[in-house]
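Count residues from 1 along the sequence. All values reported here derive from a predicted model rather than from experimental measurement.
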Amino acid sequence: MSDWIVTHCDDAAIAEFARSGFHGTPINTVAMRAGISPAYVFKLFPSKVELFVAALDRCYELVQQAMAAGATQAGDGGPEKILHETGGAYAQLIVDKSLLMLQVHAQSAADIPEIAEAGRRGLRRVTEYAKTRSKAEDDQVQRFIAYGQLCHLITTLELDGHDAEWAGILTAGIRDLKAPETPERT
């Protein structure tokens with residue numbers, strides 16, 4: 001089995017499950033996006049649960065890669081700087097929303113034991129990476145993860161620029177979570 005086709009199928013599954021969730025995504029839409037037959041998807045992943053879990057594992061792999069890139073930018077700047085840069089890299093990653101929405105849908109399908117375990121495995125991966133790479137204290141890592149969850153809410157509910165006072169309380173001091181403007185080509 002080609003690693004490329006598995007990764008390609010995982011990426012197609014991320015996009016489709018992010019859009020419609022576990023329960024609302026038929027395998028044929030993942031297959032169509034991946035450019036392969038539904039039968040081949042089932043050859044790679046014998047069940048829809050296994051496909052979703054593989055997509056969630058890939059999601060957290062990409063999250064950790066982004067965190068590593070942010071940590072590299074911080075150098076040896078100390079725990080707070082490393083966590084700040086790591087969080088900034090993650091914030092840029094979730095601007096696309098696919099990885100973020102997959103995590104949200106995983107939480108809504110956590111009554112399925114394999115999905116709940118994959119979610120815990122991903123959160124463990126992120127938490128342990130943040131702790132090990134930053135050498136931060138446990139309470140700093142806890143705040144980092146909690147801050148990330150707040151960023152999830154701000155992004156999914158599009159609270160950036162929302163005029164209500166309550167939204168301003170939640171978004172105050174949060175770095176811009178919108179996609180950077182790209183110049184128009186002429």
Atom pair [atom1] ([X]) and [atom2] ([Y]), whose distance is rounded to the nearest 0.5 Å:
| X | Y | atom1 | atom2 | value |
| --- | --- | --- | --- | --- |
| Cys59 | Leu99 | SG | CG | 4.5 Å |
| Thr86 | Lys81 | OG1 | NZ | 10.5 Å |
| Ile14 | Asp96 | CD1 | CG | 10.0 Å |
| Ile145 | Leu150 | CD1 | CG | 13.0 Å |
| His84 | Ser134 | NE2 | OG | 14.0 Å |
| Tyr147 | Ile154 | OH | CD1 | 7.0 Å |

Report task. Show your working on side chain to side chain contact (heavy atoms under 4.5 Å, CB included) between Val30 and Phe45 and close with a plain yes or no. Result -> CA-CA 12 Å; Val30 174; Phe45 306 96; over 6 Å; no
Minimal non-hydrogen separation, [X] against [Y], with atom names:
| X | Y | answer |
| --- | --- | --- |
| Ala89 | Ala66 | CB-O, 3.1 Å |
| Ala116 | Ala110 | CB-O, 3.2 Å |
| Thr171 | Asp160 | CG2-OD1, 4.2 Å |
| Gly75 | Arg133 | O-NH2, 3.3 Å |
| Ile82 | Ala71 | CG2-CB, 4.0 Å |
| Phe22 | Ala109 | CB-CB, 4.1 Å |

Requested in this report: Take Val126 and Gln64, measure what side chain to side chain contact (heavy atoms under 4.5 Å, CB included) needs, and give me the verdict at the end.
Outcome: CA-CA 6 Å; Val126 168; Gln64 186 177 351; 5.7 Å; no
Query raised in the report: His8 side chain to Ala34 main-chain N or O, any donor-acceptor pair under 3.5 Å?
Result: yes
Query raised in the report: Quick one: are Leu153 and Leu170 in side-chain contact, heavy atoms under 4.5 Å?
Result: no
Requested in this report: Evaluate the side-chain proximity of Gln140 to Glu80: yes if any heavy-atom separation is below 4.5 Å, no if none is.
Outcome: yes
Requested in this report: Could you pull out all residues at least two apart from Ser37 that satisfy side-chain contact (heavy atoms from CB on, under 4.5 Å)?
Outcome: Ala39, Tyr40
For [X], does the [atom1] atom have more than 12 heavy-atom neighbours from other residues, nucleotides or ligands under 6.0 Å away?
| X | atom1 | answer |
| --- | --- | --- |
| Asp111 | CG | yes |
| Gln65 | CD | yes |
| Gln149 | CD | yes |
| Glu117 | CD | yes |
| Glu50 | CD | yes |

Query raised in the report: Is it true that Arg121 and Glu114 make a salt bridge, defined as a side-chain N closer than 4.0 Å to a carboxylate O?
Result: no
Report task. For the residue pair Phe17 and Phe52, categorise the inter-ring angle as parallel (less than 30°), tilted (30 to 60°) or perpendicular (more than 60°). Result -> perpendicular
Query - Residue pairs involving residues 19-31 (criterion side chain to side chain donor-acceptor pair (under 3.5 Å); sequence neighbours excluded) - result: Glu16-Arg19
Query - Worked verdict on Glu128 versus Lys131 for salt bridge (Lys or Arg N to Asp or Glu O under 4.0 Å) - result: CA-CA 5 Å; Glu128 288 175 351; Lys131 172 78 176 160; over 6 Å; no
Report task. State which residue, out of Leu157, Thr156, Thr155, fulfils the side chain to side chain contact (heavy atoms under 4.5 Å, CB included) condition with Leu159. Result -> Leu157
**Report entry** Same cluster (ILVMFWY, side-chain, under 4.5 Å), Leu51 and Met32
**Finding:** no
Report summary line: Contacts of His162 meeting ring-ring contact (aromatic ring centres under 6.0 Å, His included) (sequence neighbours excluded), chain-then-number -> Trp166
Report task. Run the numbers on Lys97 and Glu158 for salt bridge (Lys or Arg N to Asp or Glu O under 4.0 Å), then give the verdict. Result -> CA-CA 11 Å; Lys97 287 193 187 179; Glu158 298 177 351; 2.9 Å; yes
Report task. Apply side chain to side chain contact (heavy atoms under 4.5 Å, CB included) to His152 and Gln103, showing your working. Result -> CA-CA 9 Å; His152 282 191; Gln103 293 173 56; 3.3 Å; yes
